[in-house]
Visitor: 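Take this structure, written in structure tokens, and hold onto it; I'll ask about it next.
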Amino acid sequence: MAYHTLLFLLVFLPLVLLIYQIMPRKFRPAVLLAAGYAFFFSFSRFLFVYLIGATIVMYAAGLLVDRMQQRFKEQKKGMERAAVKTLKKRVTARERWVVAGGVVLLVGVLAVVKYYNFFAQNLTELLHLFSIEGGLKTVTFLQPIGISFYTLQAVSYIVDVYEGKIRADRNFGRVALYMAFFPQIMEGPIARYEQTAAALWQGAPLSYRNVSMGAQRILWGLFKKIVIADRLNVVVADIFTYYQNYDGAILALGAVAYTTQLYNEFSGCMDIVIGTAEMFGVTLPENFRQPFLSKNVSEFWRRWHVTLGAWLKDYIFYPVSLSGWVKKLGNRTKERFGKHGAKIVVSAAALFPVWLINGLWHGPQWSYIFFGMYYFVLIMAGIVFEPLTARFHERHQNLAAHKGFMVFQIVRTTILVVIGELFFRAPGPRQGLVMLKQILTNFHISALFSAPMAELGLDIHDAVLIFAAVAIVFVVGLLHEKGVHIRERIEKFPTPLRWCSYYALILGNLIFGAYGDGYLEVDLIYANF
Amino acid sequence: MEELLEILEEINPDVDYETCTTLIDDHILDSFAILSLVSELEDAFDVQVSPGDMVAENFNSAEAIWNMVKRLEEEG
């Protein structure tokens with residue numbers, strides 16, 4: 001019952017909307033919670049105990065930390081400054097134990113069900129390298145849907161309580177709903193407690209505006225998913241499976257096609273998710289902000305899978321950067337090699353775990369680790385060469401401000417991203433390197449127009465349709481970038497024109513969607529991460 | 001405040017810190033610039049910035065940064 005299926009869109013969602021609306025306001029959060037657990041159950045059956053377990057852990061850890069903080073506030077009244085400092089140190093240490101316990105439990109479950117076999121296989125292979133028999137046996141663990149997403153939400157809640165950003169919630173139902181809001185379960189976005197919990201719990205009545213705006217966004221997401229992404233699936237799967245048979249030009253086309261597929265599939269799913277939440281009057285955080293208009297890869301990651309990047313920044317990058325040992329390392333490097341040297345060292349220390357976790361988060365595969373390290377190297381290169389680029393910008397101010405230079409930066413970033421996605425999709429890093437080598441050394445543009453292209457399952461009609469649809473998505477992205485809110489514009493259209501727009505979107509999906517004969521229903525890619 | 005403005009000028013001289021209130025929201029200061037700023041603040045004002053302080057509201061304007069520094073000084 002994934003978000004793009006008819007079962008979800010025409011049965012589950014309308015049913016939940018209906019029950020939600022007819023229920024008295026105070027029962028509406030319970031309807032959403034029941035819908036969340038039913039949705040979860042439809043994928044993972046009784047594995048929803050994992051989700052409930054994670055909810056209990058975060059709830060209990062949050063309450064414990066909060067109680068310690070409140071008791072400290074009471075105790076410090078009337079105490080001398082030095083005594084307050086000593087007490088604070090002791091309380092903070094205790095709070096840290098609770099936070100660590102909660103985080104270890106949450107991440108531990110994720111690590112075991114998702115990464116144990118990867119660890120066991122690699123350890124066994126490593127031991128064999130040294131001619132040591134034995135190692136660890138692999139075990140089949142069933143992985144609950146969305147565990148990589150809800151675990152991060154739970155961790156953020158505990159840490160936010162510890163850091164004093166939010167108070168722990170005594171209402172278990174509200175905490176449970178934050179973790180199990182059905183549109184977010186499969187692919188996020190990874191929300192923070194203060195972003196969604198209160199809105200979900202208020203049980204606001206449905207309004208015509210929210211439902212129609214949400215429906216528009218869902219239709220737009222479906223367009224990206226079933227007209228573009230699913231149509232590209234056959235060609236991408238073929239090129240990446242039989243890459244040894246193809247010319248470099250076709251492999252490059254495959255990498256571009258996969259990047260296009262992944263963007264339209266994930267951002268399309270986010271449109272469906274955010275549109276669904278909007279129907280209930282809940283604003284979820286955005287996950288994409290026109291990533292292919294980025295001028296460098298750091299900016300790209302501020303615009304692509306925004307909530308994952310923000311999570312890694314807040315819960316890995318800053319804590320590591322501000323930890324005692326990294327600060328000491330930075331100060332020592334500053335004394336010997338100056339500010340830029342210190343920036344390189346501190347950035348490397350904080351960015352390495354960020355990109356390792358980013359890669360591993362996507363799954364237990366070396367290709368994902370390689371993908372993470374690829375971005376680590378690119379971003380570190382940007383930092384190392386910063387003085388040179390700054391000097392270049394200073395000397396060539398006119399050029400740097402020129403629109404053509406901006407286009408060059410965007411194209412350069414896009415090429416780097418496409419190469420990254422090639423490694424991401426390739427069966428392994430070695431195969432990715434073989435593909436890249438083939439692109440660089442055996443590239444014949446004529447191959448694109450030769451016989452194998454037709455065998456990829458992509459005829460001229462598909463190609464034209466994809467180009468046209470991608471052009472529409474690109475133009476819409478440009479308009480968004482300029483601050484034009486298209487749905488609000490449509491809302492202000494005269495009624496006949498407004499309904500024409502709705503019908504155009506519905507018919508566009510019905511006529512041009514990749515389903516029926518010759519197409520397979522394509523699972524959501526990010527739901528597997 | 002003067003000292004803070006000097007530190008900010010050194011990190012990015014092209015910004016009008018007296019009026020800008022979207023230093024983070026408009027990505028004028030990225031996370032690396034924020035880390036440089038924090039390091040300078042800790043040295044200059046003898047305060048300790050924790051990961052919990054790294055929120056946009058504390059860094060969106062010179063005034064917000066100054067308020068955070070004063071709060072951290074009081075907390076000792």
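Chain letters run A, B, ... following the sequence lines, proteins first, then strands; residues in each count from 1. Values in this document were obtained by computation on a predicted structure and should not be read as measured data. Basis for what follows: all heavy atoms, side chains included, without hydrogens, waters or symmetry-related copies.
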Visitor: OH/A:Y315 to CE/B:M54 distance, rounded to the nearest 0.5 angstrom?
Guide: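 A:Y315 OH to B:M54 CE: 13.5 Å, rounded to 0.5 Å.
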
Visitor: Within a radius of less than 6.0 Å around CD of A:Q75, do more than 12 heavy atoms belonging to other residues, nucleotides or ligands occur?
Guide: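 Counting neighbours around CD of A:Q75, more than 12 heavy atoms of other residues, nucleotides or ligands fall under 6.0 Å, so yes.
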
Visitor: Search all heavy atoms of B:V49 against all heavy atoms of A:L322 and return the closest pair with its distance.
Guide: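 Closest approach of B:V49 to A:L322, heavy atoms only: O-CD1, 3.9 Å.
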
Visitor: Could you tell me which portion of B:S50 (side chain, backbone, both or neither) has an atom closer than 4.5 angstrom to a non-hydrogen atom of chain A?
Guide: backbone

Visitor: Near B:D25 CG, under 6.0 Å, is it more than 12 heavy atoms from other residues, nucleotides or ligands?
Guide: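 Yes, enclosed.
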
Visitor: Could you report the tightest heavy-atom contact between A:P319 and B:P51, atom names first, then the distance?
Guide: CA-CG, 3.7 Å

Visitor: Other residues, nucleotides and ligands only: do more than 12 of their heavy atoms fall within 6.0 Å of CD on A:E481?
Guide: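 Counting other residues, nucleotides and ligands, CD of A:E481 exceeds 12 neighbours.
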
Visitor: What residue in A:E299, A:K327, A:K313, A:K343 has the most heavy-atom pairs under 4.5 Å with chain B?
Guide: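 Counting heavy-atom pairs under 4.5 Å, the top option is A:K327.
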
Visitor: Just checking A:H402: does its NE2 atom have more than 12 heavy atoms from other residues, nucleotides or ligands closer to it than 6.0 angstrom?
Guide: no

Visitor: Is there a side chain to side chain contact (heavy atoms under 4.5 Å, CB included) between A:K334 and B:D43 once you walk through the steps?
Guide: CA-CA 13 Å; A:K334 200 164 153 185; B:D43 287 348; 3.7 Å; yes

Visitor: Taking the basic N atoms (NZ, or NE/NH1/NH2) and the acidic carboxylate oxygens, is any pair closer than 4.0 Å for B:E40 and A:K339?
Guide: yes

Visitor: Measure B:D30 against the heavy atoms of chain A and call it side chain, backbone, both or neither at under 4.5 Å.
Guide: side chain

Visitor: Chain B heavy atoms under 4.5 Å from A:L351: which part of the residue, side chain, backbone, both or neither?
Guide: side chain

Visitor: Rounded to the nearest 0.5 Å, how far does CG of B:L35 lie from OH of A:Y318?
Guide: 6.0 Å

Visitor: So for atom CZ, which belongs to A:R96, do other residues, nucleotides or ligands contribute more than 12 heavy atoms lying within a distance under 6.0 Å?
Guide: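 Incorrect, the count does not exceed 12.
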
Visitor: Does CG belonging to A:N398 count more than 12 external heavy atoms closer than 6.0 Å?
Guide: no

Visitor: Please determine whether the number of non-hydrogen atoms from other residues, nucleotides or ligands lying under 6.0 Å from atom NZ of A:K165 exceeds 12.
Guide: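 Yes, because the 6.0 Å sphere around NZ of A:K165 holds more than 12 heavy atoms from other groups.
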
